[in-house]
Amino acid sequence: ISSGFVEAWSLILSVHVAVDMEPTQHMQLGLRGMTMLTFILMIVATAVPKWYVSEYDFDIGIWRFCYLSCHDITNATGGIVSARAFTVVAILMVFVASIFCIVIDRNVSGAMAILKVPRILLAIAGVFYAIAIGSFIAWVGSGLGRSFSSFSYGPTFYIAWICVVTSFMSAT
């Protein structure tokens, strides 16, 4: 790994990193960065109501829908409830994984074994977020009477899929 790459990550994460780090320390730094990225993207994807964008300027998210102005989805049933539950649990799992990554000290003996905990949490969070995406697709499809291929997805829908990818990348 080049010294410029290591220095850039150390600035981003506010961690002093030496170029002659152990492989375990590089793994901790990479895991910490990917975990934080996944956490931030999951919060953004969950909060912004742009998962489904219709041709009539109607946007739907997990918590809100927007047409002229935004409103909460109050009569939630079925797929949207499960999508909400899976996204919240996934965010909590990534939060716990990020706490693990912050707490792990470079000098801890057996750090490789400890690094398995956040990785397992991130893998499960990725599966949960993928289930949430599927639940949302089923909910919108049943409510609008459209097939999966006729949906117009918004930017936060794609961010949600990026969350799934980054959580799996972090877990490997």
Side-chain angles (χ1 to χ4, degrees), residues 5 8-15 27 29-102 117-172:
F5 175 78
W9 274 105
S10 68
L11 288 174
I12 291 170
L13 300 173
S14 301
V15 176
M27 292 175 69
L29 185 61
L31 181 62
R32 189 177 297 155
M34 290 298 287
T35 304
M36 296 301 174
L37 175 67
T38 304
F39 182 67
I40 291 167
L41 288 176
M42 278 189 179
I43 297 244
V44 169
T46 303
V48 178
K50 293 270 187 191
W51 282 46
Y52 172 81
V53 180
S54 77
E55 60 273 10
Y56 305 110
D57 215 16
F58 183 76
D59 304 330
I60 302 173
I62 293 179
W63 300 98
R64 299 175 63 93
F65 70 94
C66 299
Y67 182 70
L68 301 177
S69 65
C70 291
H71 307 282
D72 293 335
I73 299 173
T74 54
N75 58 348
T77 58
I80 196 70
V81 173
S82 66
R84 288 176 179 179
F86 279 110
T87 56
V88 168
V89 172
I91 289 171
L92 289 175
M93 292 177 100
V94 173
F95 177 74
V96 170
S98 64
I99 296 298
F100 260 95
C101 290
I102 290 170
V117 174
R119 288 184 171 158
I120 291 169
L121 288 172
L122 286 163
I124 295 170
V127 170
F128 279 10
Y129 220 77
I131 292 171
I133 293 169
S135 297
F136 178 81
I137 290 170
W139 177 74
V140 170
S142 66
L144 298 178
R146 291 183 163 191
S147 67
F148 172 76
S149 61
S150 66
F151 285 172
S152 298
Y153 300 108
T156 52
F157 181 83
Y158 297 111
I159 292 173
W161 276 112
I162 292 170
C163 293
V164 173
V165 170
T166 58
S167 65
F168 285 134
M169 285 176 58
S170 303
T172 58

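These numbers come from a predicted model, not from an experiment.
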Please name the pair of heavy atoms, one in [X] and one in [Y], separated by the smallest distance, quoted to 0.1 Å.
X	Y	value
S82	S135	OG-OG, 3.0 Å
F136	I80	CD1-CD1, 3.8 Å
C163	M42	SG-N, 3.3 Å
I124	M93	CG2-CE, 3.2 Å

**Request:** Supply the atom-to-atom distance L92 CG to T87 OG1, rounded to the nearest 0.5 angstrom.
**Result:** 9.5 Å

**Item:** Approximate separation, where rounding is to 0.5 Å, of W161 CH2 and I133 CD1
**Value:**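 W161 atom CH2 to I133 atom CD1 measures 4.5 Å (nearest 0.5 Å).
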
**Asked** Applying the side-chain contact (heavy atoms from CB on, under 4.5 Å) test to T46, which of T156, I159, I91, L41 qualifies?
**Response** I91

**Asked** Among I40, L122, L121, whose side-chain contact (heavy atoms from CB on, under 4.5 Å) with T35 holds?
**Response** L122

**Prompt:** Mind checking whether V89 and F86 have side chains closer than 4.5 Å, heavy atoms only?
**Reply:** no

**Message:** Can you classify the ring geometry of F39 versus F95 as parallel (below 30°), tilted (30 to 60°) or perpendicular (above 60°)?
**Reply:**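 The rings of F39 and F95 sit tilted, inter-plane angle from 30° to 60°.
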
**Prompt:** Hey, mind stepping through W139 and V81 against side-chain contact (heavy atoms from CB on, under 4.5 Å) and telling me if it holds?
**Reply:** CA-CA 9 Å; W139 177 74; V81 173; over 6 Å; no

